[in-house]
Amino acid sequence: MTPFTAGDFNKVGKVYRIKETVTPDASGHIDETDENNWRLVALRHFNIVPKGSREFLIGDQVNANVTHQLTTNYDKQSKQFTTQDKFIYQGRTFSFNGPGINVLEKNRWLSFPAIESPS
Amino acid sequence: MITHGIRALFLAQSAITTLAPAQTVNRVSFPSVFCDNEPQGINPPFILIHFMGTDPLMTLDPTYHASGQIDSIDVECVCWNLPAARTLNKVVREFFEDYSGNVTADGVTDEIKAVTWLDESYDYSFPQDGTDGKQHSITTSYSVHLRQGV
């Protein structure tokens with residue numbers, strides 16, 4: 001039995017990353033609220049599962065802010081999604097909160113803890 | 001903002017940027033001196049500049065009456081080990097203590113008249129991303145006497 005079937009990945013959205021051409025401002029930061037500072041890196045089918053308890057164990061730390069678990073197919077590009085990226089699905093913004101977990105180490109699915117933030 | 005000017009000042013010092021070189025996160029290059037907090041993905045060594053507050057400079061001298069002030073600035077040097085943090089902090093302090101000159105940021109030039117070193121503290125923290133390691137930080141408080149908008 002597999003934890004996911006093809007039909008589970010029915011949420012199509014876009015993964016965005018800060019543009020390489022953006023330069024930090026006078027304080028050394030990049031304005032991540034400015035959409036012009038982001039670029040599209042991937043269009044992906046995700047499985048989105050709310051974390052009802054808002055707790056997700058990562059290492060020995062309890063990450064109580066995690067709101068959703070996002071799972072997508074494992075591929076060369078998905079492996080490169082990092083906590084600096086965000087996933088936008090139907091106007092909702094999910095910020096990756098940890099590295100992708102290779103589900104069952106099968107190299108078939110990657111599961112990301114994420115925090116839904118106000119758009 | 002005076003912290004922006006101090007950041008530009010630090011970044012112009014090769015002795016500082018050698019110890020805290022620029023870092024690339026997701027192909028975006030960040031000089032390793034920041035105001036308030038480091039951006040996501042930045043690792044030590046880096047320097048944080050905190051603005052703590054301002055006191056007016058009480059004087060009857062008309063030159064400084066309206067524009068003179070004393071800013072409290074904390075400079076935090078963060079490294080993966082304590083000796084490196086001490087070294088970085090020492091380089092920053094030796095440069096910044098007794099500094100005087102103009103700093104420009106956000107299109108405004110302020111004149112720093114004097115910088116005094118007030119105190120120093122040490123702390124450490126563990127990364128929140130689950131990785132091993134310990135971040136050592138040495139924070140030095142400075143009193144910066146300056147004149148705004150010269």
Side-chain angles (χ1 to χ4, degrees), chain A residues 14-42 55-66 69 76-87 93-102 111-115 117, chain B residues 1-12 16-17 20-51 73-78 103-110 125-134:
Chain A
K14 296 172 179 175
V15 177
Y16 288 85
R17 181 171 298 164
I18 292 287
K19 287 179 184 170
E20 293 87 346
T21 51
V22 172
T23 51
D25 60 19
S27 65
H29 294 261
I30 289 173
D31 182 4
E32 296 190 7
T33 61
D34 185 349
E35 291 303 319
N36 293 322
N37 288 340
W38 294 83
R39 71 175 177 92
L40 176 68
V41 290
E55 285 194 0
F56 176 69
L57 216 56
I58 184 167
D60 60 351
Q61 301 176 3
V62 174
N63 236 338
N65 289 328
V66 167
Q69 195 71 23
K76 187 177 175 182
Q77 193 167 35
S78 300
K79 281 197 303 180
Q80 295 175 358
F81 295 161
T82 72
T83 51
Q84 277 87 48
D85 301 337
K86 65 179 181 180
F87 172 66
T93 302
F94 299 88
S95 180
F96 294 128
N97 193 42
I101 295 166
N102 187 357
S111 193
F112 297 86
I115 300 172
S117 55
Chain B
M1 193 70 186
I2 186 64
T3 50
H4 294 175
I6 295 171
R7 173 179 178 268
L9 203 59
F10 287 0
L11 288 174
I16 294 174
T17 54
Q23 300 181 41
T24 300
V25 177
N26 267 349
R27 291 185 281 176
V28 178
S29 179
F30 291 88
S32 293
V33 182
F34 307 99
C35 299
D36 305 321
N37 65 299
E38 77 279 19
Q40 190 179 24
I42 293 292
N43 285 312
F46 58 82
I47 297 170
L48 302 178
I49 302 170
H50 304 281
F51 177 77
I73 301 290
D74 280 4
V75 178
E76 187 178 354
C77 297
V78 184
V103 293
T104 302
D106 309 320
V108 177
T109 299
D110 299 325
S125 61
F126 296 97
Q128 297 299 304
D129 60 0
T131 55
D132 294 331
K134 188 173 170 183

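Chain identifiers are assigned alphabetically (A, B, ...) following the order of the sequence lines, protein sequences preceding nucleic acid strands; residue numbering begins at 1 within each chain.
Using a 4.5 Å cut-off between heavy atoms, B/Asn26 contacts chain A through both its backbone and its side chain. With a 4.5 Å cut-off on non-hydrogen atoms, B/Asp36 does not touch chain A at all. Contact annotation for A/Thr83: both backbone and side-chain heavy atoms come within less than 4.5 Å of a heavy atom of chain B. Of the two parts of B/Thr24, neither the backbone nor the side chain holds a non-hydrogen atom closer than 4.5 Å to a non-hydrogen atom of chain A.
Under 4.0 Å is where a charged nitrogen must lie from a carboxylate oxygen, and between A/Lys86 and A/Glu35 at least one such pair does.
With sequence neighbours left out, the salt bridge (Lys or Arg N to Asp or Glu O under 4.0 Å) criterion links B/Asp74 to no other residue.
Of the residues considered (B/Ser32, B/Pro39, B/Ala105, B/Ala8), B/Pro39 shows the highest number of contacts with chain A, using heavy-atom pairs under 4.5 Å.
If you take CD1 on B/Ile49 and CZ on B/Phe10, they are separated by 5.0 Å, rounding to the nearest 0.5 Å.
For the residue pair A/Ile18 and A/Glu32, the shortest heavy atom distance occurs at CD1-CG, 4.0 Å. Taking all atoms of both residues into account, the shortest heavy-atom contact from B/Asn37 to B/Leu48 is C-CD2, 3.6 Å.
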